[in-house]
Every structure is written in structure tokens, then in C-alpha cells.
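Working notes, structure below.
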There are 2 protein chains.
Amino acid sequence: MVTMRDVAVRAGVTKQTVSNVVRGRVVVSEGTRARVEAAIAELGYTPNLIARSLATGTTMTVGLIVPTVGNPFYSEVVEEVEAQLERRGYHLLMATTRGDEKRARRHLSSLSSRSVDALLVADDFDLSEDLRLLGECGLPVVLCAWEIDPPDTLPVVTIDYERAGYLAGRHLRDLGHQRLLTVADLPAHRVRVQGVRRAFAEDGLGVPDTSVLAAPGTTPEDGYEVTLAALRAGARPTAVVASTDALALGVMASVRRYGLRVPEDISVVGIDDIPQAAHAHPPLTTVALPKRRMAQEATALLLRTLTGGGPAPPGVTLLDPGVQVRASSAPVR
Amino acid sequence: MVTMRDVAVRAGVTKQTVSNVVRGRVVVSEGTRARVEAAIAELGYTPNLIARSLATGTTMTVGLIVPTVGNPFYSEVVEEVEAQLERRGYHLLMATTRGDEKRARRHLSSLSSRSVDALLVADDFDLSEDLRLLGECGLPVVLCAWEIDPPDTLPVVTIDYERAGYLAGRHLRDLGHQRLLTVADLPAHRVRVQGVRRAFAEDGLGVPDTSVLAAPGTTPEDGYEVTLAALRAGARPTAVVASTDALALGVMASVRRYGLRVPEDISVVGIDDIPQAAHAHPPLTTVALPKRRMAQEATALLLRTLTGGGPAPPGVTLLDPGVQVRASSAPVR
DNA sequence: GTGAAAGCGCTAACAT
DNA sequence: ATGTTAGCGCTTTCAC
């Protein structure tokens, strides 16, 4: 392995001068710079990032914790975070929790051992035990995609999920729907359902608990099974809100399977706006969650801290979702 | 920051003893071990991974280069790689190329500067210039998802994409189809098209160049636009092979849009078997690419090298795709 | 079983 | 503008 020493010897200077040339932060005379650069090229020297990290105390790496990447919501978040980090020359160390709090904690503590300069957590699990640890090691942390009550000691950039539910409900109310079915991954998406209820409550309408179906997960199959069972059991909604687009896709399939049409017989609305929502049949009306913007702002916050902007203030930044009207919803008949 | 020194002082031993306790690789007497562990707990000590890396020359981190994660194929690959790495206690440093060779090269050289122990490259770009660099720095590298001619100096775990195309063609031939349209992201998926042609050629049938449509990209829209234009221009295929499922989804939409039915009028076959293929309407017949297995084997190869198994031998491991018959393909009428 | 010494490759502060 | 000195926090080798 060729080190800075080798280059220095070859160029007839000291390590320090080589360092100065490499980093370009200090003025070096034209002649020496040329000699050093020649030596670097001839020897094929590349600086050892680990050694630099140990000396500077900075790794130029940001840790990202997500539940999974096999889900369009999070894969877009990851993509956006990576893009933002790359622009500033940072690397991305990624870890997935797969819904397992133990794994999440393991990653938290392992990443906080100086191997990353900052941490972005895009998964809402109970952090209360870990907050002390995080606070102590002084690692900048930003939370995002936080749906349940986030800790108020950390900066959080997330989406107004309650409002997403509200907008879904509002849209259907505007179309005149009264008999609603809600399919949700509970308890994770509890606040989305709350939002839906608020929209209906505004018009004096209730959504009985029996009309809120808990899906076992968040795949199209889950939406399909749960909805088909409800329809077969005699449910007669004019509209369905699903707490995610993936569920909504399954809901649409089950409606069709049951022999009804979307949206003529039953309107279906999702939440998220994943790429495939636009290509569904019919194209899915949904409440778009601004995930890329969320990822962008969260990363910006983190980066600002790292580039001397001082610690990010704790507190929640709530981004607004917006209805994306497509063909799966129509006025009630 | 609490260091090993602090713990040593507190426990009345030397750094070395603390190190021995932490790593558990050397026998330490019961008494001292207890004292050291107590000191660690009281002080809240966590070892500095960077310092350890500098001393050992190993980072317990593997670099992964992929084109993107916003594509089900690669997001599954990433997921699988991450899962395998985590099982062995390795971290994942991920970088995306977004189809840009320059960016790919930048990542290659940046990651090879001792910040990762090994590199997994899941994107087929021209590596010829970089091979020397990679060889010199002695970083174990494994290639996967390599569709165009891989360098023969490195180990490669990939899928037989030509055979995938062949199987798609074979399936349609078995159903009696003769007038075929092929929609492909060219030149990237050239070998898939070759495979399709081979299947038809086996039966003495040719696929004219005019029946091979180059999609500008790989999204459903791309498939939609290209196919609709062809249909409107008078193309009358009884079957379409798309080089990816995403394209196939668009193809199906365009067929429907044109007023024809899938599969009654036109059969549609994709390649990949992404999760949504099964939920398409109709469910998409496709050639399943064993991406998880690919990711698993590539990671296993890398890890074996890292855990003292000696360097992985160069050469290509080709995994077999398999037809997944669903409702989008039917016998020709 | 434990300690002392040396060094991983680099950067930062100061001296020249 | 360049050289000197002193670490960063850990592991490794070799004494004891």
C-alpha cells in the first residue's frame, strides 16, 4: 500500500506538504505542487480515508435507517437522500429495520460509534430509551417519516399524515359519498384513519368502527383479502379509503372480483402516490405524500448541521400532502 | 468522548486489558473482567470503530454500487444484500450510478480508498479502465446483474438474460404465436431480444427488425407510448414480449387503450417478475429473474473472501431464469 | 494474565 | 512556503 510517506520521499518533501497538496487547503508553491502531483501519479497514491477520519474526527458518511427499501415510499426516500448526500460529497451508510425494533436499536448504537457523522432515521419506533445514548454521543440526528408521536427533543421532518387522511375523506365527501369503508394497516396508520373520520365528522357523519378494517400488512393482497371478505359479509360502501396505495390496488382488485366497478359502483382512494398508482386500472386517486421533499429537507437539515450551521433545533416540520385526483373516484350515484 | 484509556484508568488496568475484554479474544481473569466491564458500563464507553479500522485495516463495511433503488429489480437486490451482510455483522455503504458512468467511476475510486473491505458492483458499465485500479488496491470485487460482456478478470454472479429472452419467446411459440412484437430498452437489453429471436429461429421463424421497438427507457409510459404508436401505425402482432415487466405493464395498457384485449387479442409477456406483475390486470406472464438468489450468491462470495476463504476465482456464474405463467398470455386464436 | 511499546496513515498546530 | 512535533484511539507484538 502506497502511503503519504512514500509520496513525500519520492517528491523530496515531507508528509505535511503532500497533505497540503492533496487537500488543497493551504498554498503550495507551483514547483513543489508539480513534483508532489507527479509522485502521486507515478505511485498511484490514494489517501487512506480511515486514517483521515481518525485524524479529523469526521467520516463524510451519513447513516440512514429505514424499515425497508422494497417499498416504493422508502425507496424514493433513500434515492433522494443518496442524491442529496452525493452532491455534498457524503457517503451513505444504510441499514434496514424490517419493522424490528431490536434491529433498529442495534443499528442505532452501532452507527453512533463514530462511523457516521450524522444519522437520519426514517422509521417511527419507540426511541425513548435510545435518546440518552444519542444525546450523549453528540451525533446529529434527524427523524423523518415519523407518523406516531415523535420525541420532542429531536428535529423531525415529516408529513401531516392526519391531514392526508382528512384530504382523502374530504375528497370523497365532496363527491357526495356517505357510506365509507376504510382499510388500514393498524395501528401504524391510525392517524390517517383519524383524518378520514374528521372529514366525515365535519359534515356530521360518523364512520363506525365496523367500517374500519385492519389489514394485516400493507401489500395489495392484504387489501384484497380484507375488502373481499367485507363485501362478502354484506358491506355496501360507495367508497373505500385505503391507508396506502398498495392496499388500494388490492381493494380495487377485490371490488372488481366481487363483480362491482371502480369507480361507478365504488370509489377507491389511496394515500401515498407511488409510481404505479398512475398506471393502475383505473388510475388511482390518491393523496400524494411529499416524500422526496421530506427526504430533501431532512437531509438538508442534517448537512447544515455538519457544515457548521450549528445544531438543528428540535421540533417538528410538517409537510402538506395533496390530493391527486384520477379515475378511481367519482361522484356517488 | 470516553476512550479506552478512560476505562483503563477507572478499572486500574491498561488499555490492552480493556481491549482484551472488549474483544473477548484473549483470556482475562474473572476479577479484572468484572472491573473493566463495570467501568465500561459506568462510563458508557463504546469503542471507536474508526480507530479500530485504522489499526486492523478492516472496516466491516461492504460497498454496493447500483444504478438506482427506485426500481423493483434493484431494490430487491439491495434488500437481499443488506440482509446477508447484516447477518455477518457487516455494514452497507451504498452508492447509485443513475446510469452515469462518470458517477460510477467516482464511486469506485472513492470506495476503494480503504473505506470498504469489499465491493459489490450491480451495474454493467465499461470497467476496463478501472480494472487496473481495482486490481492494484487489492479490494475484493464481485460483479452482479451484469448483462453485457463482463470482464473476465473478476468473479461475476449474474443471470442468463439471453435465456430469459429465449424462454419468453419459447413460451409464446408454444402457444402458437408467430407475429411477434418486441419492446425493449435498447441497447441495454440487446441480449434479451437475441434470446427471443433464437426461440423463434428454432422454429424457422424470423423476427424482423421492424418488429423490435426500442423504448426510450424502462417505465410503463415508455412501453405504452411505443406500443400504441406501433399499433396505430398498423402493427398487428398476436403477442408482445417486453424486455422488462414495467414496460410490459405499459404495453398492456396501450393494447387496451387501442381497443384490444389481453390476452384474447394480444398476449403480453414481460421479463423480471416484479411484485406488481402478479397484481396487474390481467396478471402478467413473465420470465422470473432470480435476483434475490443472485444477490445472495454474490454476497456470499464476497463474504467468503473476507472471512479468509481466499480470493474468489474470476469467472461467470450464470443463474437460470424461469417462466412464470399468468393470465396475460394465451394460445393464439 | 497483564503491561509496555510501537505503529496504523493521516492532520493540526506551531516553528522555521 | 515547508518542516517539525504531536497526537487521533485502537490493536499487535513481545516482555514480564
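Chain identifiers are assigned alphabetically (A, B, ...) following the order of the sequence lines, protein sequences preceding nucleic acid strands; residue numbering begins at 1 within each chain.
Counting any heavy atom pair closer than 4.0 Å across all strands shown, B:R23 reaches sugar-phosphate atoms only and no base atom.
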Dump every N/O contact between nucleotides 3-5 of chain D and the protein below 3.5 Å, one line per pair.
from: D:dG3; atom 1: OP2; to: A:T14; atom 2: N; distance (Å): 3.0
from: D:dG3; atom 1: OP2; to: A:T14; atom 2: OG1; distance (Å): 3.1
from: D:dG3; atom 1: OP2; to: A:T17; atom 2: OG1; distance (Å): 3.0

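Remark: the A:T96 side chain and the A:R98 side chain contain an N/O donor-acceptor pair separated by less than 3.5 Å. Between the side chains of B:D185 and B:T218, no donor N or O sits under 3.5 Å from an acceptor N or O. Donor-acceptor pairing under 3.5 Å is lacking for the side chains of A:T59 and A:H91. No hydrogens or angles considered: nothing links the side chains of B:S109 and B:S112 as a donor-acceptor pair under 3.5 Å.
Without hydrogens or angle criteria, B:K291 side chain to B:D272 main chain gives a donor-acceptor distance under 3.5 Å. Looking only at distances, a side-chain donor or acceptor of B:T299 sits under 3.5 Å from a matching main-chain atom of B:A295.
Closest non-hydrogen pair, A:E37 versus A:V21, comes out as CG-CG1, 4.0 Å.
Ion pairing between A:R292 and A:E79 holds under the 4.0 Å rule for side-chain N and carboxylate O.
For DNA chain C, the contact window with chain B, defined by any atom under 4.0 Å from a protein heavy atom, covers C:dG1 to C:dG9 in 5' to 3' order.
At D:dC8, none of the side-chain N or O atoms of B:T3 fall inside 4.0 Å of OP1 or OP2 (strictly under the cut-off). Between D:dC10 and B:R5, no contact under 4.0 Å exists linking OP1 or OP2 to a side-chain N or O.
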Item checked: A:T61/A:D117 under side-chain contact (heavy atoms from CB on, under 4.5 Å): CA gap, chis, key distance, verdict -> CA-CA 6 Å; A:T61 300; A:D117 291 344; 5.8 Å; no
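Put simply, the residue from B:D130, B:D126, B:D100 that forms a side-chain hydrogen bond (donor to acceptor under 3.5 Å, both in side chains) with B:R105 is B:D130.
Near DNA chain D, defined here as any heavy-atom distance below 4.0 Å, the residues from residues 40-58 of chain A are A:L54, A:A55, listed numerically.
Here the C1' atom of nucleotide D:dC10 and the CG atom of B:D6 are 13 Å apart, to the nearest Å.
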